[in-house]
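Below you'll find the structure, written out as structure tokens, and then a few comments.
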Protein chains: 2
Amino acid sequence: MPKSATRIQQKNQAAIMTAGLEVFSQFGFRGSTLDQVADAAGLSKPNLLYYFPSKDAIYTALLARLLENWLEPLHQMNDAGDPVEEILGYANRKLTMSRDFPRESRLFANEILQGAPRIKDVLAGELRALVEAKATVIKRWIAEGKIKPVDPVHLIFSIWSLTQHYADFDVQVRAILGDTDPFDTAETHLNDVFRRLLTP
Amino acid sequence: MPKSATRIQQKNQAAIMTAGLEVFSQFGFRGSTLDQVADAAGLSKPNLLYYFPSKDAIYTALLARLLENWLEPLHQMNDAGDPVEEILGYANRKLTMSRDFPRESRLFANEILQGAPRIKDVLAGELRALVEAKATVIKRWIAEGKIKPVDPVHLIFSIWSLTQHYADFDVQVRAILGDTDPFDTAETHLNDVFRRLLTP
DNA sequence: TGCTTATTTGACCATCTGGTCAAAGACACG
DNA sequence: CGTGTCTTTGACCAGATGGTCAAATAAGCA
């Protein structure tokens, strides 16, 4: 049985994950250095490598933790609920994630931009299966006349892109909006978009 | 007066730009190496540095060229045209750019993800001004009842995110869609989205 | 052809980077 | 307090990386 991590281990492992998230989400895997991560974690480099065997291990651990949370909001979409509200609810959950976890969003974006070398199988496996399952539900909703006809998979892509945009392109959004908080106005806008797209 | 570049200069400078685009768009500035770029250009590293003074110079040149083309499609939106068609036309032009110039899109995405250190001023200056100008036009269209009420700036964000998604998240999109070509179905979908959002 | 300029290259350098290791310091617990 | 374990660190290493330079080679042109 694995010995439970000591207090110090818990603290430092958490610090490293946070630091890694901060650094990797900004520069990507290859653009980040162990020194940067160690700095951000307030540890020396050898000390950092006492807790994780390699740079890759930190990055992989981050990606693994991320993927868990990433699919969750889509899972929550309930095929027994009201179609328009279920889809809007999903979009709103994703937007909230963009606001509360922008670094996670950017880490994911970085990985995808670089060709998703470490998670291509998850995308083509778990994610694809989940999307297809939800697409089937959406198709049923369309057949039942509960929502207007729409390509279900592209609808999901739209939710992803419209919500993640506010995290991934944050600097651009803020450069244009100035002092206005992006997320307040974004929520209203996205609800407009999806309601008009879907309400029969 | 600057001597016109020789045939060899033109060829090699072009090769370097293409190679740099290929490499930088995948790994970002810090994640890319001169050796990679030199390899992709079919030149030795010192030879590459004979044409560009530094890694930074190549990257900056690429960004500069990119920004020119990036704003162009939005400029083309004609305030005297039919509102819905003008906005859809812009979205379609952007989608076409995502299909034909995905590396440019990813280069831009990488730069923004990293906090846009080299182009923040362009975003807050030229881009912001352009967006504000077009937002004014859109507001007028709304006031005239030509399109449904919508937040003009977020509308523009939506066009960006929905279209660039197909270039930036290409691997994810293809992992989910399988053999289907993303862009054929995307075009129909995006027209649905914007028509339902805007048509009064 | 010969001569000038443009191009290419191999060898080289300082710095950075991921990672190792042995020794020193801090903790926990009897 | 003492002792065994956990944690931290300074010194170090091999390879990668951005960049330089003098010398060799190829074009261009009179």
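Note that the coordinates shown come from a computational prediction; the quantities given were computed from them, not determined experimentally. Per chain, numbering begins at 1; letters A, B, ... match sequence-line order.
- Nearest-nucleotide assignment on DNA chain C puts the 5′-proximal partner with B/Ile8, out of B/Arg30 and B/Ile8.
- With a 4.5 Å cut-off on side-chain heavy atoms, A/Val150 and B/Val193 do not count as touching.
- For A/Gln9, a side-chain nitrogen or oxygen approaches OP1 or OP2 of D/dT7 to under 4.0 Å.
- Within the nucleic acid shown, B/Phe52 has no heavy atom closer than 4.0 Å to any nucleic acid atom.
- As rounded to whole Å, 21 Å separates atom P of D/dC12 from atom CG of A/Leu34.
- The shortest distance between the side-chain N/O atoms of A/Asn47 and the OP1/OP2 oxygens of D/dT9 is below 4.0 Å.
- Salt-bridge check for B/Glu144 with B/Lys139: failed, with every basic side-chain N at 4.0 Å or more from each acidic carboxylate O.
- Residues A/Leu62 and A/Arg103 fail the side-chain proximity criterion, which asks for heavy atoms closer than 4.5 Å.
- The phosphate of C/dT8 has OP1 or OP2 within less than 4.0 Å of a side-chain N or O from B/Asn12.
- When each of A/Lys11 and B/Ser54 is assigned the nucleotide of DNA chain D bearing its nearest heavy atom, the one mapping closer to the 5' terminus is A/Lys11.
- At a threshold of 4.0 angstrom between heavy atoms, the contacts of A/Leu49 include nucleobase atoms, whether or not backbone atoms are also involved.
- Taking atom CG of A/Asp56 as the reference point, atom P of C/dT17 lies 17 Å away to the nearest angstrom.
- An OP1 or OP2 oxygen of D/dT8 is reached within less than 4.0 angstrom by no side-chain nitrogen or oxygen of A/Ser44.
- One atom, CD of B/Gln10, and another, P of C/dT7, lie 11 Å apart when rounded to the nearest Å.
- Side-chain contact between A/Leu198 and A/Trp141: absent, with no pair of heavy atoms (C-beta onward) separated by less than 4.5 Å.
- The phosphate of C/dT7 has OP1 or OP2 within less than 4.0 Å of a side-chain N or O from B/Tyr50.
- When the P atom of C/dT7 is taken as reference, atom CD1 of B/Ile16 falls 11 Å away, rounded to whole Å.
- Atom CD in A/Gln36 sits about 7 Å away from atom P in C/dT17, given to the nearest Å.
- Atom CG of A/Asp39 and atom P of D/dT9 are 12 Å apart (whole Å).
- Candidate nucleotides C/dT20, D/dG19, D/dT20 were compared by shortest atom distance to the side chain of B/Lys55, and D/dG19 ranks first.
- For D/dG18, the base has a donor-acceptor partner in the side chain of B/Lys45 [N/O atoms by modelled type, under 3.5 angstrom].
- B/Leu48 has its CG atom 16 Å from the C1' atom of C/dG10, to the nearest Å.
- The closest side-chain donor-acceptor pair between B/Thr60 and B/Asp56 falls under 3.5 angstrom.
- In this structure, A/Asp35 places its CG atom 6 Å from P of C/dT17, rounding to the nearest Å.
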